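Only one structure is covered here, and it is reproduced in the block below.
Just so it is clear, the structure is predicted and the values come from calculations on it, not from any experiment. We number each residue from 1, following the sequence as shown.
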Amino acid sequence: MSLVKLSIKGISYSQTQNGAYALILNEVDGERKLPIVIGAFEAQAIAIALEKEIKPPRPLTHDLFKSFADRFDIVVKQVIIHKLVDGVFYSSIICERDKIEEIIDARTSDAIALALRFQAPIFTYKNILDKAGIYLNNPNETEVEDDGVLSTPETFGLDSTDIDSSESYSKLSLSELHSSLEAAVQDEDYEKAARIRDEISKRES
């Protein structure tokens, strides 16, 4: 079976499953997307790895694993999403130490959170993408799989209940926004930090 390389498109709040997010993966050499439902904590772990400006004051679980692996010369070479059963994706982390390769079973959300931290490529098999991949012709349209896991793509942590708080950031000065961003990071409120960062980026662009 041939492997297909994937990249991360983003994280979308799932309107069909309360408290769930859809991690959206892109087919690198194609047009298909692979949405995978993950929980809020898993979404946060991936979002933090994607947001280079947001540095947690203390290491989170995946950051601790990265530090541990670095200390003992363990390298994550790649992640493979190798199986799809009853809507659940199964993944393997391919590691190497002293030129010895090991394959470790992992939840897909954990595997991808680690792949980001190790800058390791993400793959799936063609038959899985054929089965679960979808096309997003218009990024502003709502696309739904048969089991309804993917909703309208939005900024991580921002759904319809957050509109008022987002609008309030537009009333703050840049210096106040930077102070709020630092405070949010210190409080480990990464969803709030992401919204503030988006407002800063909009002002400075």
Side-chain angles (χ1 to χ4, degrees), residues 1-52 60-62 65-66 75-95 101 103-159 190-191 194 198:
M1 291 183 288
S2 60
L3 287 173
V4 179
K5 190 173 183 180
L6 303 170
S7 63
I8 296 176
K9 177 179 175 63
I11 299 173
S12 165
Y13 185 75
S14 175
Q15 296 173 354
T16 61
Q17 297 188 35
N18 188 32
Y21 290 81
L23 170 66
I24 306 171
L25 303 175
N26 267 341
E27 180 183 14
V28 170
D29 295 320
E31 300 297 326
R32 288 175 294 183
K33 318 296 179 193
L34 186 66
I36 300 173
V37 172
I38 59 177
F41 291 113
E42 292 82 2
Q44 177 176 276
I46 292 169
I48 290 169
L50 290 169
E51 307 299 340
K52 304 301 183 184
L60 302 180
T61 303
H62 297 92
F65 184 95
K66 173 68 162 59
V75 178
V76 171
K77 305 291 289 185
Q78 62 183 11
V79 162
I80 299 176
I81 302 169
H82 63 84
K83 187 167 65 173
L84 173 60
V85 179
D86 296 330
V88 178
F89 292 88
Y90 293 77
S91 294
S92 296
I93 301 172
I94 314 301
C95 302
E101 190 173 274
I103 300 175
I104 300 174
D105 182 47
R107 296 190 307 169
T108 297
S109 56
D110 288 330
I112 290 174
L114 289 173
L116 284 168
R117 286 162 171 82
F118 282 89
Q119 299 183 337
I122 302 165
F123 296 93
T124 191
Y125 289 110
K126 183 179 180 298
N127 65 320
I128 292 177
L129 197 57
D130 289 342
K131 180 179 179 182
I134 62 171
Y135 288 91
L136 292 182
N137 296 321
N138 184 343
N140 294 318
E141 289 180 357
T142 297
E143 297 283 346
V144 182
E145 278 194 290
D146 292 340
D147 56 357
V149 298
L150 180 61
S151 61
T152 304
E154 300 171 353
T155 302
F156 170 70
L158 179 60
D159 59 25
Y190 301 113
E191 296 180 21
D198 289 343

Nearest 0.5 Å please: distance from the [atom1] atom of [X] over to the [atom2] atom of [Y].
X	Y	atom1	atom2	value
L34	K131	CG	NZ	11.5 Å
I8	L116	CD1	CG	4.0 Å
R117	K66	CZ	NZ	10.0 Å
T61	L114	OG1	CG	10.0 Å
N127	L84	CG	CG	9.0 Å
K83	T108	NZ	OG1	11.0 Å

(request) Would you please name every residue forming a side chain to side chain contact (heavy atoms under 4.5 Å, CB included) with A111, sequence neighbours left out? (result) V79, S91, I93, A106
(request) Name all residues meeting the side chain to side chain contact (heavy atoms under 4.5 Å, CB included) criterion together with D29; count only those two or more places apart in sequence or in a different chain, and write none if there are none. (result) none
Quick one: closest heavy-atom pair of [X] and [Y], and the distance?
X	Y	answer
I24	K33	CG2-CB, 3.9 Å
I122	A115	CG1-CB, 3.9 Å
P121	K77	CD-O, 3.2 Å
H82	I128	C-CD1, 3.3 Å
I94	I103	CD1-CG1, 3.7 Å

(request) Report, as yes or no, whether the 6.0 Å neighbourhood of atom CD on E101 holds more than 12 heavy atoms from other residues, nucleotides or ligands. (result) yes
(message) Can you confirm whether more than 12 heavy atoms, excluding those of I104, are under 6.0 Å from its CD1 atom?
(response) yes
Acceptor/donor pairs from residues 35-43 side chains to any protein atom, 3.5 angstrom cut, sequence neighbours excluded:
| unit_1 | atom_1 | unit_2 | atom_2 | d |
| --- | --- | --- | --- | --- |
| E42 | OE1 | G39 | N | 3.3 |
| E42 | OE2 | R107 | NH1 | 3.0 |
| E42 | OE2 | R107 | NH2 | 3.3 |

(message) Keeping S92 on the side-chain end and I80 on the backbone end, is there a donor-acceptor pair under 3.5 Å?
(response)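 Not at all, since once roles are kept as given, no pair shorter than 3.5 Å links the two residues.
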(message) Classify the ring geometry of F65 against F118: parallel below 30°, tilted from 30° to 60°, perpendicular beyond 60°.
(response) perpendicular
(message) The criterion is side chain to side chain donor-acceptor pair (under 3.5 Å); which residues satisfy it with S109, sequence neighbours excluded?
(response) none
(request) Taking side chain to side chain donor-acceptor pair (under 3.5 Å) as the test, write out the residues that go with Q78, two or more places apart. (result)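 Partners of Q78 under the side chain to side chain donor-acceptor pair (under 3.5 Å) test: none.
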(message) Is the shortest side-chain heavy-atom distance between L25 and T124 below 4.5 Å?
(response) no
(request) Only counting residues at least two apart or in another chain, list the ones meeting salt bridge (Lys or Arg N to Asp or Glu O under 4.0 Å) with K126. (result) D130
